[in-house]
A.B. asks: 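Before I ask anything, here is the structure I am working with.
Only this structure's heavy atoms are used, side chains among them; waters, hydrogens and symmetry mates stay out. For ligands, and for the atoms within them, numbers begin at 1 and follow the listed sequence. Numbers for residues simply follow the sequence, beginning at 1.
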Amino acid sequence: MPRDALLVMAYGTPRDLDDVEAYYTHIRHGRPPDPAALAELRQRYAAIGGRSPLLEITRAQAAGLEQRLQLPVLVGQKHSSPFISDAVGELVTRAVDRAVGLAMAPHYSSMSIGGYHREVLKAAEEEGWPGHFEMIESWHLLEGWLDLQAEFLRAALATLPAHARNRTVIFTAHSLPEAILRTGDPYSDQLHESAAAISARAGVSSWRVAWQSASPTGQPWLGPDLLEVLDQLAGAGAQGVVVCPCGFVSDHLEILFDVDIEARRRAAELGLELARTQSPNDDPRFLDALAGLVRTTLADPVPL
Ligand code: FEC
């Protein structure tokens with residue numbers, strides 16, 4: 001029997017405010033941020049309590065998957081410790097023959113999940129791991145996850161006050177440079193497919209897709225931005241919105257600041273009621289769905 005393992009991968013987060021500079025420098029491929037950009041990012045972390053819960057949530061997801069799958073589950077992050085290379089080093093130590101890679105993000109882009117995949121292949125070469133690696137490329141139409149999102153969406157809609165009758169659901173994911181569209185990247189299409197499937201399950205007919213958390217890099221990023229869509233909807237007479245950030249699976253900076261503070265502030269200025277769907281985090285139904293996906297992947301024969 002081959003020795004199997006699961007590699008759970010997430011974006012990574014600074015340990016505390018002092019670690020923000022090293023983290024930001026890593027995101028910027030080793031180029032330190034300028035002082036103003038660093039101060040701005042530190043301020044965002046300070047506004048959510050000084051740190052993000054992303055690593056704790058990722059560890060809880062990994063523990064829940066380990067319990068369900070009864071195989072070693074390792075955590076590797078893109079931009080902070082434990083890094084993906086640390087997890088691949090563990091594959092060597094544990095003499096794992098075959099590992100499945102699961103990125104904690106549903107939609108494939110060469111810049112997101114593709115990046116996790118490349119990082120594993122690079123680390124396998126550097127660490128000398130000779131095993132077979134199978135990356136789950138995307139899971140944006142995973143049944144159990146769609147059902148849970150639909151349930152969260154119905155619950156969020158129910159929290160909007162009765163007077164906000166003209167309401168729209170906005171599905172969001174992290175924006176990426178628009179240049180990805182020129183290479184046939186499926187990221188945008190997959191977000192639209194998730195949004196349509198969740199809306200159908202929740203019986204929602206009025207919905208939009210928007211992008212959030214774009215970086216100020218000077219190049220065009222996928223739009224429209226979430227804040228722009230709030231402006232448009234308010235201008236068109238909407239009274240309430242539900243933001244469903246289904247491009248993310250955990251509570252972290254992009255949810256707790258970009259949606260819960262920044263977007264809420266804009267909505268309040270516009271007189272719009274805003275509710276957000278809860279994050280799947282380590283909800284047992286979410287982990288059941290992911291465990292099923294990993295089992296299906298492991299059931300495929302290993303190519304010789
Ligand atoms: O809670 C936390 O501490 C971490 C929150 C966090 C998540 C996240 C997810 C994604 N990102 C994606 C793409 C990019 C690209 C750039 C970029 C930059 C940042 C910065 C911070 C940050 N991201 Fe992020 N991202 C999170 C946090 N991200 C902080 C730097 C400051 C800023 O620009 O706001 C631009 C740099 C580059 O070119 O690499 C691109 C994508 C995801 C969703 C998929 C995933 O989770 O892996 C895509 C969570």
A.B. asks: So for ligand 1, is Y187 a polar contact partner (N or O within less than 3.5 Å, distance only)?
C.D. replies: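 No, since none of the N or O atoms of Y187 sits under 3.5 Å from an N or O of ligand 1.
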
A.B. asks: Based purely on interatomic distance, does S213 place a nitrogen or oxygen under 3.5 Å from a nitrogen or oxygen of ligand 1?
C.D. replies: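 In this structure, S213 places no N or O atom under 3.5 Å from an N or O of ligand 1.
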
A.B. asks: Mind checking whether T217 contacts ligand 1 via backbone (N, CA, C, O), side chain (CB onward), both or neither, at a 4.0 Å heavy-atom cut-off?
C.D. replies: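 Contact part for T217 vs ligand 1: neither.
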
A.B. asks: Of H26, R28, H174, which has the heavy atom at the shortest distance from atom 13 (C) of ligand 1?
C.D. replies: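 Residue with the shortest heavy-atom distance to the ligand atom: H174.
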
A.B. asks: Quick one: do D16 and R51 make a salt bridge, cutoff under 4.0 Å?
C.D. replies: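 The answer is no: the pair does not qualify as a salt bridge.
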
A.B. asks: Before accepting this row, confirm whether a basic side-chain N of the pair R44/E40 lies closer than 4.0 Å to the acidic partner's carboxylate O.
C.D. replies: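 Judged by the 4.0 Å cut-off on N to carboxylate O distance, R44 and E40 do form a salt bridge.
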
A.B. asks: Can you list the ligand 1 atoms lying under 4.0 Å from a non-hydrogen atom of P14?
C.D. replies: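 What qualifies from ligand 1 is 3 (O).
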
A.B. asks: Could a heavy atom of G12 be found less than 4.0 Å from some atom of ligand 1?
C.D. replies: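 Judged by the 4.0 Å heavy-atom criterion, G12 does count as contacting ligand 1.
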
A.B. asks: Could you tell me whether E143 and R201 have a side-chain N and a carboxylate O separated by less than 4.0 Å?
C.D. replies: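 Looking at R201 together with E143, the answer is yes, because their closest N to O distance falls below 4.0 Å.
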
A.B. asks: Heavy-atom distances under 4.0 Å are what count here, so tell me which part of K78 touches ligand 1: side chain, backbone, both or neither.
C.D. replies: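 Neither part.
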
A.B. asks: Regarding Y11, does it place an N, O or S atom less than 2.8 Å from atom 24 (Fe) of ligand 1?
C.D. replies: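 It does: Y11 brings an N, O or S atom closer than 2.8 Å to atom 24 (Fe) of ligand 1.
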
A.B. asks: Salt bridge check, E151 against R285: does any charged N sit closer than 4.0 Å to a carboxylate O?
C.D. replies: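 E151 and R285: salt-bridged.
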
A.B. asks: A cation-pi test, strictly: NZ or CZ of K78 under 6.0 Å from the centre of the six-membered ring of F83 and no more than 45 degrees from its axis. Yes or no?
C.D. replies: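 Here K78 fails the 6.0 Å and 45° test against F83.
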
A.B. asks: So does R28 have more than 12 non-hydrogen atoms from other groups sitting under 6.0 Å from CZ?
C.D. replies: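 Enclosed.
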
A.B. asks: Heavy-atom distances under 4.0 Å are what count here, so tell me which part of I113 touches ligand 1: side chain, backbone, both or neither.
C.D. replies: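 None of I113 does.
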
A.B. asks: Do any nitrogen or oxygen atoms of S112 come within less than 3.5 Å of a nitrogen or oxygen of ligand 1?
C.D. replies: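 Between S112 and ligand 1, no N or O pair is found under 3.5 Å apart.
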
